[in-house]
Amino acid sequence: MSRPRVFSGIQPTADSFHIGNYLGAVRQWVTLQETHDAVYCVVDLHAITVPQQPADLRRRTRLAAAQLFAAGLDPERSIVFVQSQVPEHTELAWVLSCITGFGEASRMIQFKDKSAKGGGDSASVGLFTYPVLQAADILLYATDQVPVGEDQRQHLELTRVLAQRFNHRFGDTFVVPEPYILPAVARIADLQDPSAKMSKSASGPQGIIDVLDDPAAVRRKIMRAVTDTDGEVRADEEAKPGVTNLLRIYAALSGASLPDLEQRYSGAGYGTFKKDLAEVVAGTLAPIRERTEKLLANESELDAMLATCAARASVLARATMATVRDRVGFLPPR
């Protein structure tokens with residue numbers, strides 16, 4: 001019996017994933033490769049919806065791929081590739097854009113939010129059509145399930161609508177993907193502002209734990225994390241957001257429950273709690289950092305791994321596009 005296929009992607013827009021990316025996505029992708037036919041993509045085409053320096057984009061694309069492999073994605077069990085190396089993504093995005101209503105695209109929450117921040121006149125057409133490219137990413141691979149968080153539910157629903165619309169108009173072509181609800185992972189907050197989500201675009205350097213931080217930086221950031229003045233290690237979202245955030249990180253990495261951690265550190269004070277948490281975080285991230293550095297040190301080997309995976313992805317993508325071209329009415333390729 002074939003396993004369900006899962007697809008997901010991550011942008012190469014920073015010099016390191018942060019611990020929220022790791023807990024909320026990457027670590028769970030590693031688990032999914034045990035039960036699913038897994039296809040994962042470094043979405044560099046999506047990255048250029050905002051300005052990028054070419055050298056930075058190339059470097060960060062390799063960085064993102066290396067971190068995925070270092071975190072446990074196995075190229076023998078998953079396809080891990082770079083989006084721009086499979087040109088069928090953009091070809092299918094154009095076809096899908098031609099059956100997408102302008103109103104549908106304009107209602108996408110992420111476009112409205114991002115264009116509002118930068119001003120409507122500065123928003124690119126690429127940013128506007130981002131969800132259509134995302135739909136193409138998913139539909140190219142006959143994806144059964146897509147891991148989603150709340151911020152991507154609307155985009156997945158558009159993908160489903162477009163698949164159904166194409167199938168109705170041109171005949172059954174696309175698998176209509178279902179959401180795969182990831183096991184609950186609490187939102188990881190900024191270490192310096194626990195009312196805000198940890199974010200590369202909004203958090204300062206001291207508010208983020210990067211996957212590639214060295215152990216000394218991890219310890220320093222955790223020891224300086226905002227807490228409160230009463231010294232009690234207890235989860236309380238309203239009264240103790242900083243402590244609660246640290247407890248969430250500890251629980252997610254150690255497997256201990258929040259009540260167990262509260263009991264363990266009852267009366268111990270924040271110093272002991274933070275010191276122990278720092279060791280847990282550093283101990284988790286250090287091997288990933290070391291493996292990432294090893295992969296990056298042999299760039300040609302990393303590129304070869306990605307090329308092999310892109311070739312595997314291309315086999316799937318070309319088969320889908322051959323059907324799409326025929327159904328739409330395009331002439332056969334020369």
Side-chain angles (χ1 to χ4, degrees), residues 1-11 25 29 32 35-46 49 78-79 81 83-112 125-182 310 312-330 332-333:
M1 183 177 178
S2 62
R3 304 195 300 180
R5 180 168 293 151
V6 64
F7 176 93
S8 197
I10 194 163
Q11 287 201 39
W29 293 2
L32 280 171
T35 56
H36 288 67
D37 180 8
V39 181
Y40 299 124
C41 187
V42 179
V43 290
D44 56 340
L45 295 174
H46 288 292
T49 57
S78 297
I79 299 176
F81 71 104
Q83 184 186 26
S84 64
Q85 294 183 329
V86 181
E88 286 79 8
H89 285 257
T90 50
E91 184 179 4
L92 181 56
W94 173 252
V95 173
L96 295 178
S97 71
C98 293
I99 64 168
T100 305
F102 184 86
E104 285 177 310
S106 63
R107 287 191 292 272
M108 295 293 104
I109 292 171
Q110 286 204 2
F111 172 75
K112 291 196 291 187
V125 174
L127 183 62
F128 183 70
T129 59
Y130 177 108
V132 181
L133 177 57
Q134 193 172 62
D137 299 338
I138 295 165
L139 297 179
L140 266 180
Y141 299 100
T143 302
D144 298 296
Q145 298 175 331
V146 181
V148 289
E150 286 302 321
D151 60 338
Q152 292 296 333
R153 282 181 180 271
Q154 188 188 40
H155 287 183
L156 179 58
E157 188 53 39
L158 177 65
T159 301
R160 290 171 48 80
V161 167
L162 293 178
Q164 291 164 341
R165 185 175 298 158
F166 189 98
N167 290 349
H168 178 73
R169 188 174 301 180
F170 299 107
D172 284 346
T173 304
F174 294 121
V175 173
V176 180
E178 298 288 341
Y180 180 88
I181 308 302
L182 292 166
R312 292 167 59 201
S314 292
V315 171
L316 302 174
R318 284 197 295 265
T320 299
M321 280 311 303
T323 303
V324 169
R325 292 187 198 108
D326 179 65
R327 296 280 164 82
V328 169
F330 296 154

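A donor-acceptor contact shorter than 3.5 Å links the side chain of Thr320 to the backbone of Leu140. In this structure, Asp144 contributes its side chain and Arg5 its backbone to a donor-acceptor pair below 3.5 Å. In terms of modelled atom types and a separation under 3.5 Å, the side chain of Asp137 and the main chain of His89 share no donor-acceptor contact. Of the possible polar contacts, none joining the Arg3 side chain to the Ala38 backbone as a donor-acceptor pair under 3.5 Å is found.
The minimum heavy-atom distance linking Gln83 with Cys41 is given by the pair CB-SG, 3.4 Å. Taking all atoms of both residues into account, the shortest heavy-atom contact from Val175 to Ala163 is O-CB, 4.3 Å. When all heavy atoms of Val86 and Ala317 are compared, the pair lying nearest together is CG1-CB, 3.7 Å. For Pro4 against Thr35, the heavy-atom pair with the smallest separation is CD-O, 4.1 Å. Across all their heavy atoms, Leu96 and Thr100 have their closest contact at O-OG1, 2.7 Å. When every heavy atom of Leu162 is checked against every heavy atom of Ala135, the shortest pair comes out as CD1-CB, 4.1 Å.
Distance CZ/Phe166 to CG/Asp172: 11.0 Å, rounded to 0.5 Å. Here the OG1 atom belonging to Thr159 is positioned 4.0 Å from the CD1 atom belonging to Ile138, to the nearest 0.5 angstrom. Here the straight-line distance linking atom CE of Met321 with atom OG of Ser314 works out to 12.5 Å at 0.5 Å rounding. Rounded to the nearest 0.5 angstrom, Thr323 OG1 and Arg318 CZ are separated by 13.5 Å. Here the straight-line distance linking atom CD1 of Ile99 with atom CZ of Phe170 works out to 7.0 Å at 0.5 Å rounding. Here CG of Leu45 is found 12.5 Å from CD of Gln134. Values are rounded to the nearest 0.5 Å.
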Would you check, one step at a time, whether the test side-chain contact (heavy atoms from CB on, under 4.5 Å) holds for Val324 with Phe330?
CA-CA 9 Å; Val324 169; Phe330 296 154; 5.9 Å; no
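Tyr40 places a side-chain heavy atom less than 4.5 Å from the side chain of Val6. Side-chain atoms of Glu104 and Val161, non-hydrogen and from C-beta on, do get closer than 4.5 Å to each other. Side-chain contact between Ile79 and Leu316: present, with at least one pair of heavy atoms (C-beta onward) separated by less than 4.5 Å. You'll find the side chain of Glu157 reaches within 4.5 Å of the side chain of Arg160, heavy atoms only.
Ring geometry for Tyr130 versus His155: interplanar angle of 30 to 60°, hence tilted.
His36 and Phe7 have their aromatic ring centers separated by at least 6.0 angstrom.
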